[in-house]
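Before any comments, here is the structure.
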Amino acid sequence: MFNISIVLYNPNWDEVKTLVAELIQARSLRKVYLIDNSPEQTQYEKTSPKERYIWNKGKNLGYGAAHNIAIRDSVWYKTPFHLVMNADILVHHEDLERLHQFMIDNPEVGQVMPHVVYPDGQTQYLCKLLPTPLDVFGRRFLPSWLMRKRNERYELRHTGYDHIMNVPYLSGCFMFLRTEAVLKARLFDERYFMYPEDIDLTRTIHRDYLTLYVPDVTIVHNHAQGSYKNPQLLKIHIINMCRYFNKWGWIWDKERRLFNRLTLQQ
């Protein structure tokens, strides 16, 4: 069994309902949680007992803290697996079952991310090394030609994305998680409002479990890259990345060096 949580903020409800209609067809799904951080409550009409809508009373808790509401339910009800996903994902319920079975068959795996593509079918390079400050801020503020080779290494593009890889940083857009692994990692760190919480959680799980990219399943992600377009989101991104480096280390991060070296040696 597995649960799913989706965090929302002023979403397109027609798209949300279409997504949920697909998700609830998965026979192993226990519950899909819609955690709404929007300022105004929506009178969400459930179509299945598998759905649960939670409005946070107009308070935007942020990404990780909102998902933790549902993850704590997975812990409480001893649901073995929990999928954290974005609302802008297209996935077939049969593929959810395949990932669920993969996790059952591989108890050493704490987290899985499938092959993620744009709507036009192009690969999204979402398997990454643990970032240095240069990786994060250089790709935002330095010329692209100057960062090209470093960015390709950071995104592991040389791998071809055509085989299973054990990666220390998998995107938060789709995180199929083993509940015991998330509990051991102490859930999402709620000190982050947005952006680096997926790096933080994956690297923590990576200490004790495999965190795998599995290309046998493909999903579509309509990635908006909001912080590239919205100055307020860029500010939030910068502030929270500073919190991340304050926690793990700006220049000296022994674990980062180890995990990245092992990843490149695969």
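Not measured: the values here are computed from a predicted model.
Lys31 places no side-chain N or O within 3.5 Å of a backbone atom of Ala70 that could act as its donor or acceptor partner. Without hydrogens or angle criteria, Thr204 side chain to Ala185 main chain gives no donor-acceptor distance under 3.5 Å. A donor-acceptor distance shorter than 3.5 angstrom exists from the side chain of Glu197 to the backbone of Tyr195, with no hydrogens or angles considered. With hydrogens and angles ignored, the 3.5 Å screen pairs a side-chain donor or acceptor of Asn166 with a backbone N or O of Thr211. Gln25 places a side-chain N or O within 3.5 Å of a backbone atom of Ala21 that can act as its donor or acceptor partner. Checking side-chain atoms of Asn260 against main-chain N and O of Leu130 turns up a donor-acceptor pair under 3.5 Å. Looking at Arg139, its side chain never comes within 3.5 Å of a backbone N or O of Met147 through a donor-acceptor pair. The closest donor-acceptor contact from the side chain of Lys17 to the backbone of Asn12 lies at 3.5 Å or more, if one exists at all. Here the side chain of His100 pairs a donor or acceptor atom with the backbone of Met1 at under 3.5 angstrom. The backbone N or O of Val217 sits nowhere less than 3.5 Å from a side-chain atom of Asp95 that would complete a donor-acceptor pair.
Around the CZ atom of Arg157, the shell of radius 6.0 Å holds more than 12 heavy atoms that belong to other residues, nucleotides or ligands. Atom NE2 of His92 sits in a sparse spot, with 12 or fewer heavy atoms from other residues, nucleotides or ligands closer than 6.0 Å. Surrounding CZ of Arg256 are more than 12 heavy atoms belonging to other residues, nucleotides or ligands, all under 6.0 Å away. Atom CZ of Arg72 sits in a crowded spot, with more than 12 heavy atoms from other residues, nucleotides or ligands closer than 6.0 Å. Remark: Arg257 CZ is loosely packed, at most 12 non-hydrogen atoms of other residues, nucleotides or ligands lying under 6.0 Å away. Within a 6.0 Å sphere centred on CD of Glu40, heavy atoms belonging to other residues, nucleotides or ligands number 12 at most.
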(Q) Is there a ring-ring contact (aromatic ring centres under 6.0 Å, His included) between Tyr44 and Trp13? Walk through the geometry before answering. (A) CA-CA 9 Å; Tyr44 183 79; Trp13 284 103; 5.6 Å; yes

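Hydrophobic clustering (ILVMFWY, side-chain heavy atoms < 4.5 Å, transitive): Tyr77 and Leu34 are in distinct clusters. Under the 4.5 Å side-chain heavy-atom criterion for ILVMFWY residues, a single connected hydrophobic cluster contains both Val91 and Tyr161. Hydrophobic clustering of Ile, Leu, Val, Met, Phe, Trp and Tyr side chains at less than 4.5 Å, counting indirect connections, unites Phe141 with Tyr154. One hydrophobic cluster holds both Val167 and Ile164 under the rule that ILVMFWY side chains link at heavy-atom gaps under 4.5 Å. Note: the hydrophobic cluster containing Met175 does not contain Ile69 (ILVMFWY, side chain heavy atoms under 4.5 Å, direct or indirect links).
In terms of heavy-atom proximity, Asn56 sits nearest to Ala66 at ND2-CB, 4.4 Å. Ile24 approaches Lys50 most closely through the heavy-atom pair O-NZ, 3.2 Å. When all heavy atoms of Ser5 and His82 are compared, the closest pair comes out as OG-NE2, 2.8 Å. Scanning all heavy atoms of the two residues, the minimum distance from Tyr63 to Asn86 falls at OH-OD1, 3.6 Å. Between Thr263 and Pro168, the closest heavy-atom pair is OG1-CD, 3.2 Å. A pairwise comparison of heavy atoms in Thr79 and Arg30 identifies OG1-CD, 3.5 Å as the closest pair.
The aromatic rings of Tyr213 and His115 sit perpendicular to each other, their planes meeting at more than 60°, with 30° as the lower class boundary.
Side chains of Phe81 and Leu99 form no contact here, defined as non-hydrogen atoms less than 4.5 Å apart. Side-chain contact between Val20 and Thr47 is absent, with no heavy atoms from C-beta onward closer than 4.5 Å. By the 4.5 Å heavy-atom criterion applied to side chains, Lys184 and Arg207 are not counted as neighbours. Counting heavy atoms from C-beta on, the side chains of Ile205 and Leu177 come closer than 4.5 Å. Here the side chains of Asn3 and Ile71 are not in contact, with every heavy-atom distance at 4.5 Å or above.
A salt bridge does not link Arg98 to Asp216: none of the charged side-chain nitrogens sits closer than 4.0 Å to a carboxylate oxygen. A salt bridge is absent between Asp135 and Lys128: the closest approach of a Lys/Arg side-chain nitrogen to an acidic carboxylate oxygen does not fall below 4.0 angstrom.
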Less than 3.5 Å apart, which donor and acceptor atoms pair up between the side chains of residues 239-252 and the rest of the protein, not counting sequence neighbours?
residue: Asn240; atom: OD1; partner: Phe193; partner atom: N; Å: 2.7
residue: Asn240; atom: OD1; partner: Arg243; partner atom: NH1; Å: 3.2
residue: Asn240; atom: ND2; partner: Ile236; partner atom: O; Å: 2.8
residue: Arg243; atom: NH1; partner: Arg191; partner atom: O; Å: 3.3
residue: Tyr244; atom: OH; partner: Arg203; partner atom: NH1; Å: 2.8
residue: Asn246; atom: OD1; partner: Trp250; partner atom: NE1; Å: 2.8
residue: Asn246; atom: ND2; partner: Cys242; partner atom: O; Å: 3.2
residue: Lys247; atom: NZ; partner: Asp189; partner atom: OD2; Å: 2.8
residue: Lys247; atom: NZ; partner: Asp200; partner atom: OD1; Å: 3.3
residue: Lys247; atom: NZ; partner: Asp200; partner atom: OD2; Å: 2.8
residue: Trp248; atom: NE1; partner: Asp200; partner atom: OD2; Å: 2.8

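Between Phe174 and His221, the distance from one ring center to the other does not fall under 6.0 angstrom. The ring of Phe102 has its center no closer than 6.0 angstrom to the ring center of Phe176.
Through direct or relayed side-chain contacts under 4.5 Å between Ile, Leu, Val, Met, Phe, Trp and Tyr, Tyr9 connects to no other residue.
Side chain to side chain, Glu180 and Tyr209 meet the donor-acceptor criterion of an N or O pair below 3.5 Å. Asn60 and Asn37 form a side-chain donor-acceptor contact under 3.5 Å, judged by distance and modelled atom types alone.
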